[in-house]
Amino acid sequence: MTFALSAASRAQLIGVHPRLTSVVERAIVLTTQDFAVHDGVRNQAEQAALVAAGVSRTMDSRHKVQADGYGHAVDLVPFIAGRLRWDWQGCYRVAVAVRSAAIEAGLALTWGG
């Protein structure tokens, strides 16, 4: 089965580094697990709220716009049984597709999961 990014996922990729965006776009084609882009670029207030809620551990997130003008992180969430679920097995399947897409692109990535 082939999956595609939704309009909402594509909107989350606005401001994300083009090379990372292309990896995500390739990963959705390679994956065996449908997923959505849950979070792309975050501003200072959004990151602070996530740190306060215990969802993120740092204010120095790669989701924030970096010196080159782009965000360098995305949160990809498996789409299971009609909804987004933070399911580890689904996350691992998405990670395999992202790793494959990154290798194809010659891009080294760090998984923050």
Side-chain angles (χ1 to χ4, degrees):
M1 175 174 235
T2 302
F3 302 106
L5 293 175
S6 68
S9 285
R10 289 195 176 279
Q12 287 295 323
L13 291 172
I14 295 170
V16 172
H17 194 283
R19 289 190 71 198
L20 179 54
T21 296
S22 69
V23 166
V24 173
E25 290 170 339
R26 178 68 177 141
I28 196 68
V29 173
L30 297 174
T31 192
T32 60
Q33 173 63 62
D34 195 8
F35 65 84
V37 182
H38 183 267
D39 227 355
V41 174
R42 296 179 190 150
N43 63 35
Q44 186 79 3
E46 291 168 327
Q47 187 63 32
L50 292 171
V51 169
V55 176
S56 183
R57 295 184 214 165
T58 181
M59 285 301 297
D60 192 28
S61 172
R62 292 182 182 175
H63 283 275
K64 292 172 29 183
V65 174
Q66 305 295 300
D68 63 0
Y70 295 105
H72 287 233
V74 292
D75 289 343
L76 306 177
V77 182
F79 195 73
I80 299 171
R83 66 186 187 124
L84 295 178
R85 295 188 50 168
W86 290 101
D87 170 84
W88 280 112
Q89 290 306 313
C91 288
Y92 294 142
R93 287 190 291 274
V94 172
V96 166
V98 171
R99 183 173 186 272
S100 295
I103 289 169
E104 283 182 13
L107 185 62
L109 295 181
T110 301
W111 184 39

Crowding at CZ, Arg93 (>12 non-hydrogen neighbours, <6.0 Å): yes
Sub-4.5 Å side-chain heavy-atom contact between Thr58 and Val51: no
Crowding at CZ, Phe3 (>12 non-hydrogen neighbours, <6.0 Å): yes
Side chain to side chain, Asp75 and Arg42, heavy atoms closer than 4.5 Å: yes
Rounded distance [0.5 Å steps], NE2 in His63 versus CG in Asn43: 12.5 Å
Heavy-atom side-chain proximity of Thr32 to Val96 below 4.5 angstrom: no
Heavy-atom side-chain contact between Leu84 and Phe35 under 4.5 Å: no
Flag if over 12 foreign heavy atoms under 6.0 Å of CG, Asp60: no
Side-chain (Gln12) to main-chain (Gly40) donor-acceptor, under 3.5 angstrom: yes
Thr31 (side chain) donor-acceptor with Ile28 (main chain) under 3.5 angstrom: no
Glu46/Lys64 ion pair, N-O < 4.0 Å: no
Check: Glu104 side chain, Val23 main-chain N or O, donor-acceptor pair, under 3.5 Å: no
